[in-house]
Amino acid sequence: MPCGHNFCLKCFEKWIKQGGHSCAKCRASIPPKMKCQPRINLALVAAVRMARSKSTPSGADPSKAYNFVHNQNRPDKAYTTERAKKAGKANAASGKIFVTIAPDHFGPILAENDPVRNQGVLVGESWEDRLECRQWGAHLPHVAGIAGQSEYGSQSVALSGGYEDDEDHGEWFLYTGSGGRDLSGNKRTNKEQSFDQKFEKLNEALRISCKKGYPVRVVRSHKEKRSSYAPESGVRYDGIYRIERCWRKAGTQGFKVCDTCLFDATMNLPHGLVKHMVTAQGHCLSYRS
DNA sequence: CCATGCGCTGAC
DNA sequence: GTCAGCGCATGG
């Protein structure tokens, strides 16, 4: 908050719901925008997590996992063709991919795959839009939310607020599958669901990554307006998550959706605890500024 | 080849 | 603010 105080997100939301209008610590007034769109203080989340994990589990190096960047060393703008310059960026070619990962590469993008900067893609790094995000390999499809192959697995997902059944709790979230929508009329998206989703194609790719335990890269977009964990602008790489389970459920629009629960891989949580968080929706390791 | 897709833009 | 509708990349 402007006064510099931080609160647990759940507590803050409860406070606002009860009619709180000032900081519980210093009574400074809370701006309206902060009331309706509180944002997570990622630096504080990282610090608290770091402090909590006293012993370093083998295979997880916190110094790497929490290597945040502050938008310096930004790459060039996404490449656009001459034709796209006339027609607008929506019609642009995606441009050069700067990293050397294969499209079906699972897991982080390391320094050895980043000949341009030799540092890899860092957790917390962000880009202007999906085309630029694609150029750095974090999430390659520039429209689709799920990257993957139905017989191999899913490499990454994007949280962009495109499906209202999504639920973002920071270190874990529920992600709705693709499909179920009428895209006739040359549409790329459609807010209305008109038939059931199935575990096929990209949804099936997620299910395979779940079964195999593959790491999934996660990016969050500013277009997700309901989440306090979404960036205020651009597209941000939020690191590696793993899939706890996939199932079908009734969506809010009256048709079935393929739901997936992902959790932050650096949490090292036993599956039971994630389930507990899903059902109890207790306090999370969530702080805001 | 054809179908899908959680973007993006200018126009209103 | 809302909206239609486009190229492109990818999977199948």
Side-chain angles (χ1 to χ4, degrees), chain A residues 33 36-37 77-97 99 101-105 126-168 173-209 216-227 229-231 233-238 241 251-253 257-260 262:
Chain A
K33 197 189 170 190
C36 61
Q37 281 197 320
K77 296 263 183 189
Y79 169 77
T80 54
T81 61
E82 283 304 314
R83 184 168 59 135
K85 278 175 190 166
K86 290 180 204 155
K89 207 173 183 180
N91 298 322
S94 64
K96 186 183 170 192
I97 309 291
V99 293
I101 57 155
D104 57 1
H105 163 81
S126 66
W127 307 277
E128 245 185 37
D129 52 36
R130 286 281 295 269
L131 274 82
E132 206 179 305
C133 169
R134 166 184 163 76
Q135 290 187 275
W136 289 95
H139 184 71
L140 290 166
H142 66 257
V143 175
I146 304 167
Q149 304 77 33
S150 63
E151 300 199 12
Y152 187 56
S154 165
Q155 291 79 33
S156 57
V157 298
L159 289 97
S160 302
Y163 286 79
E164 58 180 283
D165 288 304
D166 284 4
E167 229 180 82
D168 191 2
F173 60 89
L174 301 183
Y175 194 81
T176 311
S178 64
R181 294 167 162 182
D182 177 16
L183 298 179
S184 64
N186 205 11
K187 288 190 267 293
R188 301 292 174 271
T189 58
N190 181 346
K191 284 180 181 175
E192 300 237 331
Q193 188 173 1
S194 51
F195 53 95
D196 291 343
Q197 292 184 353
K198 290 179 188 167
F199 278 111
E200 57 184 21
K201 301 176 184 173
L202 295 166
N203 302 341
E204 179 61 16
L206 281 174
R207 195 157 71 164
I208 288 180
S209 280
V216 180
R217 294 187 299 275
V218 170
V219 299
R220 283 186 173 86
S221 159
H222 69 102
K223 294 180 89 175
E224 170 56 88
K225 298 297 183 194
R226 300 169 306 158
S227 168
Y229 304 86
S233 64
V235 180
R236 185 184 65 219
Y237 174 59
D238 280 346
Y241 283 62
T252 56
Q253 297 191 4
V257 295
C258 295
D259 211 354
T260 298
L262 295 94

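Predicted, not measured: the structure shown is a model, and the values here were computed from it. Throughout, protein chains are lettered first and strands after them, A, B, ... in sequence-line order, and every chain is numbered starting at 1.
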What integer distance in Å separates [X]:[atom1] from [N]:[atom2]?
| X | N | atom1 | atom2 | result |
| --- | --- | --- | --- | --- |
| A:Asn203 | C:dG11 | CG | C1' | 13 Å |
| A:Lys89 | C:dC6 | NZ | C1' | 16 Å |
| A:Asn91 | C:dA4 | CG | P | 17 Å |
| A:Arg188 | C:dG7 | CZ | P | 8 Å |
| A:His142 | C:dG7 | NE2 | P | 12 Å |
| A:Lys191 | C:dA4 | NZ | P | 11 Å |
| A:Asn186 | C:dC3 | CG | P | 18 Å |
| A:Asn190 | C:dA4 | CG | P | 10 Å |

Legend entry - Earlier contact from the 5' end, DNA chain B, for A:Gly179 and A:Ala90: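 The residue mapped nearer the 5' terminus is A:Gly179.
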Legend entry - Distance in Å, A:Leu159 CG paired with A:Asp166 CG, rounded so as to fall on 0.5 Å steps: 6.0 Å
Inset, instruction - State the NZ-OG distance between A:Lys225 and A:Ser160, to the nearest 0.5 angstrom. - result: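 Rounded to the nearest 0.5 Å, the NZ-OG separation comes out at 11.0 Å.
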Inset, instruction - Please report the shortest heavy-atom distance between A:Ile146 and A:Gly177, naming the atom on each side. - result: CD1-CA, 4.3 Å
Legend entry - Covered region of DNA chain B, 5' end to 3' end, by chain A [heavy atoms, under 4.0 Å]: B:dT4 to B:dT9
Looking for any heavy atom pair under 4.0 Å, which part of the strands does [X] touch: base, sugar-phosphate only, or nothing?
| X | answer |
| --- | --- |
| A:Arg130 | sugar-phosphate |
| A:Ala144 | sugar-phosphate |
| A:Ser150 | sugar-phosphate |
| A:Leu140 | nothing |

Inset, instruction - Taking the side chain as every heavy atom from C-beta outward, state whether A:Ser154 and A:Ile208 have any atom pair closer than 4.5 Å. - result: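 No. Closest side-chain heavy atoms not under 4.5 Å.
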Inset, instruction - Please tell me if the side chains of A:Phe173 and A:Tyr229 come closer than 4.5 Å, counting only heavy atoms from C-beta onward. - result: no
Legend entry - A:Arg130 side chain to A:Ala144 backbone, donor-acceptor under 3.5 Å: yes
Legend entry - Check: A:Phe195 main-chain N/O paired with A:Gln193 side-chain donor or acceptor under 3.5 Å: yes
Legend entry - Identified pairing partner of B:dC6, criterion: Watson-Crick or G-U wobble below 3.5 Å: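 With both distances under 3.5 Å required, B:dC6 matches none.
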Legend entry - Position toward the 5' end of DNA chain C (nearest nucleotide), A:Gly148 or A:Gly185: A:Gly185
Legend entry - DNA chain C: 5'-proximal contact among A:Thr189 and A:Glu200 (nearest heavy atom):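 Going by which nucleotide is closer to the 5' end, it is A:Thr189.
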